[in-house]
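Chain identifiers are assigned alphabetically (A, B, ...) following the order of the sequence lines, protein sequences preceding nucleic acid strands; residue numbering begins at 1 within each chain.
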2 protein chains.
Amino acid sequence: MVRKPTSKETARKPNMREAILAAAEELFATNGFNAVSVRDIAQAAGANPGSVTYHFKTKDGLLLEIYRRHCGPMNLRRSELLAAAKRVRDLQDRLEAIVRAYVVPAFTSGSDLAGGGARFTRLRAVMSAEGNEVARKIIAQTFDDTSHAFIDAIHESLPHIPRTDIVWRSHFLLGALYYSLVTPDRVSRLSRGEADGSDAAGAIEQLVQATVAAFQAPALDQAAPARRRPAVTSKA
Amino acid sequence: MVRKPTSKETARKPNMREAILAAAEELFATNGFNAVSVRDIAQAAGANPGSVTYHFKTKDGLLLEIYRRHCGPMNLRRSELLAAAKRVRDLQDRLEAIVRAYVVPAFTSGSDLAGGGARFTRLRAVMSAEGNEVARKIIAQTFDDTSHAFIDAIHESLPHIPRTDIVWRSHFLLGALYYSLVTPDRVSRLSRGEADGSDAAGAIEQLVQATVAAFQAPALDQAAPARRRPAVTSKA
DNA sequence: ATGTGATTTGTACTATCGTACAAAAGATCA
DNA sequence: TGATCTTTTGTACGATAGTACAAATCACAT
């Protein structure tokens, strides 16, 4: 023991496990689950392929651990922000605060790592699109409670809107949120450089503003029955 | 030539090529590109694996042909509906007609097959999420023109909203649209059976209603500067 | 210094992938 | 009917997938 830095929280703690998790998260979020091989992940993490098996047993196990790592903190943060939002007096402000409480944790860090929130949310978006079984199970049993809590809170702010409409609009919100993280470049392209799709703060403001308005739209049933003029059916 | 039914458009034309295209479309749209093997597709189409290679050379070629098959008709239909929508006098009605012109072809049949529009749109959603290269190229050079046309039309209906905001909100619309087709079961689940996420007509009405309201939301810059109270930052 | 448990490495196995290609089968027209 | 072109079949090849496992290495308390 000649002044060895105890290797705890001091100089470098390579911590292969963490490196693998981070690399897998990044690769899965950008390329999908099946397009990324265990060897790809190992290489990106500077690890040996066998090391992945050692720490996570299977590729599914690795994905599972990524979810476990993020779900708790993100839902906790959402709960905190939702509780705070519910205390807002003004009804309009409260609705905006609720939406913000839902959106912000998805874009920003869930716990420690910078941009981790956005990366994990993008991962969820991609897994959802691919119909990943592991993800589907976790999502349903981890996020549905949170989703219901938000839907209920929004419904309380908009009692005249049927719950069904609130559910649909919440669904649209999540879809818009996901898509913003999946292809931010499309926004930059279509705006001809005027907007930056990768700017999280800008995306949040735009999303919150648009979503609040969408929630406040009149309910479907009571939409002025005199002006039904869909103009939908063209000749095939 | 003894009255042979010329095999054109008559009795049965198995047309393996079409069967393979349909099977691939379905499988890609629900499982992603890499999760589906050429053998899976062949089996689902009742064809031989080698037959896929014969008709489409490569797996990428197969995906490419799926896009080629749908892009033209869908964009044509959108153009027709957009042109009709632009002729609507009332500004509010016109905006709704424009949004409808964008949404409806994505949910309904692009040309002949029932439900083909929704299936192809779901395919695009999944490919987009997976960052598929083949899809990315086609999308950018095939759909950006249409997107710009819609953005311009919407901007004309809402001249007081900056184009950047319109772009963002159009982006949210597409994200919501995609997500509705990717996980319709989530709507059914969260609404506790009150809504059916698989009901295309219902989804369209909800999406149009919510989106029109989102487009009509005040612009970001001029959002009453006195009421900035984000209530965002919690104690990490 | 040494023993012990945790981690990393290297390698190998089997399965499946996309694709190629020759042979069989089917269609078409003189 | 026989020749020719298109389509389908069957099989095979090299590459790569996920995972297992023994050996090597490391961390560290004694």
Side-chain angles (χ1 to χ4, degrees), chain A residues 1-25 27-28 30-66 127 130 132-135, chain B residues 1-25 27-28 30-66 127 130 132-135:
Chain A
M1 265 159 248
V2 283
R3 192 72 286 277
K4 206 192 292 178
T6 55
S7 83
K8 280 278 185 191
E9 233 81 326
T10 34
R12 70 259 145 71
K13 180 178 54 176
N15 215 341
M16 266 305 153
R17 196 184 144 89
E18 296 299 323
I20 292 168
L21 277 170
E25 200 177 301
L27 288 173
F28 286 158
T30 45
N31 301 104
F33 186 75
N34 292 284
V36 177
S37 72
V38 173
R39 287 168 176 83
D40 290 338
I41 296 166
Q43 183 165 30
N48 188 284
S51 186
V52 177
T53 309
Y54 170 72
H55 284 290
F56 307 100
K57 203 63 188 169
T58 67
K59 198 182 171 189
D60 276 356
L62 173 53
L63 181 63
L64 200 80
E65 183 57 28
I66 293 174
M127 295 304 116
E130 289 187 318
N132 185 285
E133 263 306 301
V134 176
Chain B
M1 269 167 244
V2 283
R3 191 77 283 275
K4 206 191 291 175
T6 54
S7 83
K8 281 277 187 194
E9 235 80 327
T10 35
R12 71 257 143 70
K13 181 176 52 177
N15 216 340
M16 266 304 153
R17 196 184 143 89
E18 296 299 322
I20 292 168
L21 276 170
E25 199 176 301
L27 289 172
F28 285 158
T30 45
N31 300 105
F33 185 76
N34 292 283
V36 177
S37 72
V38 172
R39 288 168 176 82
D40 290 338
I41 297 166
Q43 183 164 31
N48 188 285
S51 186
V52 177
T53 309
Y54 171 72
H55 283 290
F56 307 100
K57 203 62 189 170
T58 67
K59 199 182 170 188
D60 276 356
L62 174 53
L63 181 63
L64 200 81
E65 183 56 28
I66 293 174
M127 294 304 116
E130 289 186 319
N132 185 286
E133 264 306 302
V134 176

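In this structure, the separation between CD on Glu133(A) and CG on Leu63(A) is 11.5 Å, given to the nearest 0.5 Å. Residue Thr30(B) holds its OG1 atom at 10.5 Å from CD of Glu25(B), rounded to the nearest 0.5 Å. Distance check: Asn31(B) CG to Ser37(B) OG gives 10.5 Å after rounding to the nearest 0.5 Å. Atoms CG and OH, from Asn48(A) and Tyr54(A) in turn, are 13.5 Å apart once rounded to the nearest 0.5 Å.
Rounded to whole Å, atom P of dG10(C) lies 13 Å from atom CD of Gln43(A). Taking atom CG of residue Asp60(B) and atom C1' of nucleotide dG18(C), one finds them 10 Å apart after rounding to whole Å. Phe33(B) has its CZ atom 13 Å from the P atom of dC17(C), to the nearest Å. Atom CG of Leu27(A) and atom P of dA17(D) are 12 Å apart (whole Å). One can place CG of Asn34(A) at 15 Å from P of dT16(C), the figure rounded to the nearest angstrom. Here the C1' atom of nucleotide dT19(C) and the CG atom of Leu63(B) are 17 Å apart, to the nearest Å. Note: NZ (Lys59(B)) to C1' (dT16(D)) measures 13 Å, nearest angstrom. Put simply, CZ on Arg39(A) is 11 Å from C1' on dA15(D), counting in whole angstrom units.
Side-chain nitrogen and oxygen atoms of Ser37(A) include at least one within less than 4.0 Å of the OP1 or OP2 phosphate oxygen of dA17(D). OP1 or OP2 of dG10(C) lies within a sub-4.0 Å distance of a side-chain N or O belonging to Asn48(A).
Shortest non-hydrogen contact noted between Ala45(B) and Ala19(B) is CB-O, 3.6 Å. Nearest heavy-atom pair across Leu27(B) and Ala44(B) is CD1-CB, 4.0 Å. Residue Met16(A) comes nearest to Ala47(A) through the heavy atom pair SD-CB, 3.4 Å, listed as atom of the first residue, atom of the second, then distance.
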Each base of DNA chain C marked ( ) or [ ] if paired in-strand (Watson-Crick or G-U under 3.5 Å), | if paired to another strand and . if unpaired gives ||||||||||||||||||||||||||||||
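In this structure, Glu65(A) and His55(A) have side chains that are not in contact, with every pair of non-hydrogen atoms separated by 4.5 Å or more.
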Give me, pair by pair, the N or O atoms of the protein and of nucleotides 4-7 of chain C that are less than 3.5 Å apart, along with how far apart they are.
{"residue": "dT7(C)", "atom": "OP2", "partner": "Tyr54(A)", "partner atom": "OH", "Å": "2.7"}

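Put simply, the side chain of Glu130(A) gets close to the backbone of Phe33(A): a donor and an acceptor are under 3.5 Å apart.
Mapping Lys57(A) and Asp40(A) onto DNA chain D via the closest heavy atom, the residue that lands nearer the 5' end is Asp40(A).
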